[in-house]
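Note on naming: letters A, B, ... go to the chains in the order of the sequence lines (proteins, then strands), and numbering restarts at 1 for each one. Bear in mind the structure is a predicted one, so any value in this text is a computation, not a measurement.
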Amino acid sequence: MIKIVRTRFAPSPTGYLHIGGVRTALFNWLFARRHGGQFILRIDDTDVQRNVAEALQPILDGFRWLGLDWDEGPEVGGPHAPYYQSQRLERYQAAAKMLVERGAAYYDYATPEEVHAEREAAEREKRPFVYSRRWMAVTPQDRARFEAEGRQATIRLKMPRDGYCRINDLILGEVTFEWAKEQDHVIQRADGTVLYNFATVVDDHDMRITHVIRAQEHLANTPRQIFIFQGLGYDLPAFAHVPYVAAPGGKEKLSKRKIKEYLKNPEFKKIYEHGQAIAERIGLHLAAETFNPVIVDFYREVGYLPDAILNYLLLLGWALDDKTEFFTRQQMIDLFSLERVNKAPAGFDPKKLLAFQERYMQQLAVEQKVAMMLPYLEKAGLIASPPPAAVREKVARIVQAAGDRIKVAGDILDYDTFFVPDDRLSYDEAAFTKRLRQPPEARELLTKFRAVLASADPFDAAHLEQRLQDFVQAEGVTVGQIIHALRVAVTGKAVGFGLYESLAILGKDSCLARIDRALAQR
RNA sequence: GGCCCCGUCGUCUAGAGGCCCAGGACACGGCCCUUUCAAGGCCGCGACACGGGUUCGAAUCCCGUCGGGGUCACCA
């Protein structure tokens, strides 16, 4: 019988989707899709006191935005519901009890202090800690006696004390652990709630998970989980431990808590500031702790493409060959394999992510780009909402003219000059000085060229270029002497796309008004 | 510290004994194009952690050293 491949990703409802988590989820998703199987989302909320629904929403939104659909889980349900660990407690308790009955676990009446003391003693004597099982209840009489003392029971795993646990990991190969080094871990607390390592196993079995693809930090948990699977008489899933995603410019695991440290990295900082600037212009004032390149929401708000992010993440620890870099969704699914996942951690490089983003942006048609960018202009208060047809047309012309300069949708705000009223145009001071105050001939040339513009017809890029060429010839000056001054005067900025196209988009009236305004400034 | 994992250009990687005095991409530097800024084109810089084996031959296999990381909870 061929088992249908079923993989899962089990996020905790923390309020945001972590980029490293997405990479793990992506591998799970791809593996399931590759083999025509199912991808399950399960919520690890065993230890969460906060409002789960609220903290879960951003995560589900993130998955949807990225196009990583789940076959079973929150909001879609499924045959193994509920998919929230907090709602499965009775099932876990029944399993824990069964584990005790089968002799693979026991009721333990030690207090946390007593165990702690044993651990300290072992440390002092520099020997590995192994619980003495002094407060292990072997018989019902033991339980009664301990309880008479006012003690409360936890349930501990009764780990083997000899032999080896061999794991055949799909990525790492064979990994061997010594059973004797494993602890009698608590699986059920004194208050009856259960611990992650135990709940995970029960869920993976109940939900018929065939392949556990998870971060390598869980490798050390695997022996005890295998012990639980076997103790309960469950079939073992296959394990694949993917290396964790490392911090930018570092080797340690990427962590959402170390943002301040990452911001010392100039490249990370640059990407962050680029996004932060866009966010602020659309009225999002978010703290670095919750809005930064480690969190998926950052990319969504700033206007990245999901496909670019996924493509980048796919190549973080996986490669098809020595040349293929770009993968469509379908190609990813067709070509992904766990065998080609690297064993070593890969550093997260937001700059390379941006490079993928640029390439994906370049492939979009103008209409697609416009659709992405209109919301930014609306939120920044630069255009009406919904935008009239004429405005859309204008945005399309700008997007066309800007070409590859727009890397993320939010970059459209760099062209705000085309939307501000003529009398509110602000000038880049440094540029204004360099182009309009310092060159002695600037104002005179600009004044003369204003007259040329006033009579220009048609007011399009080709014609305007011709008029400017004629002008410099007639005046005996260079293009450089007039064009920079003109750019600053009409756009307020030193840089931008083609000037003739800029003039044409602005229209004659605006150009003339802006030149007048510039000439009036001292 | 115990256990486990890992170690090719700054970064992501290709490489499964001769195709490699190591290939690609990002970044970086230069040139070209050019009204600015991008984009694009061309060129360049740049790595097998180290030491021993095995072999006619090692980035690839073995051993050791060093280095990095993960994990050691009644967290997930």
By the 4.0 Å heavy-atom rule, please label Thr176(A) as base, sugar-phosphate, or nothing. sugar-phosphate
Look at all strands and tell whether Glu178(A) reaches a base, only sugar-phosphate, or nothing, counting heavy atoms closer than 4.0 Å. nothing
Ring of Tyr107(A), cation from Arg143(A) - is the NZ or CZ under 6.0 Å from the centre and inside 45° of the axis? yes
Mind checking the P distance from rU65(B) to rA47(B)? Whole angstroms is fine. 28 Å
Polar side chain donor-acceptor pair, Arg214(A) to Thr200(A), under 3.5 angstrom: no
Take atom C1' in rU60(B) and the same atom in rA14(B), then report the distance between them in whole Å. 13 Å
Distance, rounded to the nearest Å, where Leu316(A) contributes CG and rC26(B) contributes P: 16 Å
Using the C1' atom as the reference point in each nucleotide, state the distance between rC31(B) and rG18(B) in Å, no decimals. 39 Å
Once you apply a heavy-atom cut-off of 4.0 Å, does Asn342(A) come out as touching a base, just sugar-phosphate, or nothing? sugar-phosphate
Identify which nucleotide among rA27(B), rA39(B), rA76(B) has an atom closest to any side-chain atom of Leu195(A), counting heavy atoms from C-beta outward. rA76(B)
Please classify the nucleic acid contact of Gly498(A) as base, sugar-phosphate, or nothing, using heavy-atom distances under 4.0 Å. base
Touch class at under 4.0 angstrom, heavy-atom based, for Ala485(A) against every strand present: nothing
May I ask you to decide if Tyr164(A)'s main-chain N or O and Trp179(A)'s side chain share a donor-acceptor pair within less than 3.5 Å? yes
Does the structure show His241(A) stacking with rG70(B), if we require the centres to be closer than 5.5 Å and the planes to be within less than 30 degrees of parallel? no
From the set rA39(B), rG70(B), rC6(B), return the single nucleotide nearest to any side-chain atom of Lys343(A). rC6(B)
Side-chain contact test, heavy atoms from C-beta onward, threshold under 4.5 Å: evaluate it for Tyr262(A) versus Ser255(A) and give yes or no. yes
Specify the separation, in whole Å, of atom CD of Glu118(A) and atom P of rC72(B). 20 Å
Return the residues of residues 346-354 of chain A meeting this criterion: a heavy atom under 4.0 Å from some atom of RNA chain B. Order them by number, or give none. Ala346(A), Gly347(A), Lys351(A), Lys352(A)
On RNA chain B, check which nucleotide each of Ile483(A) and Asn197(A) is closest to and give me the residue with the more 5' one. Ile483(A)
Counting the atoms with a prime plus P, OP1 and OP2 as sugar-phosphate, which does Phe497(A) contact under 4.0 Å by heavy atoms, base, sugar-phosphate, or nothing? base
Touch class at under 4.0 angstrom, heavy-atom based, for Lys407(A) against every strand present: sugar-phosphate
On a whole-Å scale, what distance lies between the P atoms belonging to rA59(B) and rG52(B)? 14 Å
Please name the residue in the list Phe336(A), Trp318(A), Tyr312(A) that meets the ring pair (Phe, Tyr, Trp, His ring centres under 6.0 Å) test with Phe327(A). Trp318(A)
Of the options rG69(B), rC5(B), rU71(B), whose atoms approach the side-chain atoms of Gln216(A) most closely? rC5(B)
Side-chain contact check for Glu217(A): nearest option of rG68(B), rC74(B), rU71(B) is rU71(B)
Closest to the side chain of Val479(A), out of rC6(B), rU35(B), rC26(B), is rU35(B)
Under 30°, 30 to 60°, or over 60°: which ring-plane class applies to Phe9(A) and Phe63(A), parallel, tilted or perpendicular? tilted
Please confirm whether the backbone N or O of Ala344(A) pairs with a side-chain atom of Asn342(A), one donor and one acceptor, at under 3.5 Å? no
What contact category does Ala190(A) fall into here, base, sugar-phosphate, or nothing, at under 4.0 angstrom with non-hydrogen atoms? base
Nucleotide of rC4(B), rC74(B), rA25(B) approaching Val175(A) most closely (side-chain heavy atoms): rC4(B)
Which value, in whole Å, describes the distance between the P atoms of nucleotides rA22(B) and rG10(B)? 15 Å
Shortest side-chain distance from Asp404(A), nucleotide among rA39(B), rC3(B), rC75(B): rA39(B)
Of the listed nucleotides (rA25(B), rA38(B), rG15(B)), which one gets closest to any side-chain atom of Arg405(A)? rA38(B)
When the C1' atoms of rC48(B) and rG15(B) are compared, how many Å lie between them, rounded to an integer? 10 Å
Interatomic distance, Ile271(A) atom CD1 to Tyr299(A) atom OH [nearest 0.5 angstrom]: 7.5 Å
Specify the residue among Asp322(A) and Val115(A) whose closest nucleotide of RNA chain B lies further upstream toward the 5′ end. Asp322(A)
Determine the contact category for Arg435(A): base if any of its heavy atoms lies under 4.0 Å from a base atom, sugar-phosphate if only primed atoms, P, OP1 or OP2 are that close, otherwise nothing. nothing
salt_bridge(Asp416(A), Arg281(A)) N-O dist < 4.0 Å: yes
Determine the contact category for Glu267(A): base if any of its heavy atoms lies under 4.0 Å from a base atom, sugar-phosphate if only primed atoms, P, OP1 or OP2 are that close, otherwise nothing. sugar-phosphate
Looking across every strand, which nucleic acid part, if any, lies under 4.0 Å from Pro112(A) by heavy atom: base, sugar-phosphate, or nothing? base
Please report, rounded to the nearest Å, how far the P atom of rU71(B) is from the CZ atom of Arg214(A). 13 Å
Answer yes or no for Arg156(A) and Tyr131(A): cation-pi contact, defined as NZ/CZ to six-membered ring centre under 6.0 Å and angle to ring axis within 45°. yes
Counting the atoms with a prime plus P, OP1 and OP2 as sugar-phosphate, which does Arg224(A) contact under 4.0 Å by heavy atoms, base, sugar-phosphate, or nothing? nothing
Describe the nucleic acid contact of Phe129(A) in one word from base, sugar-phosphate, nothing, applying a heavy-atom distance below 4.0 Å. nothing
Counting side-chain heavy atoms from CB outward, which of rA39(B), rC37(B), rU71(B) is closest to Lys253(A)? rU71(B)
When you measure from the side chain of Arg487(A), which nucleotide among rU36(B), rC3(B), rG70(B) comes out closest? rU36(B)
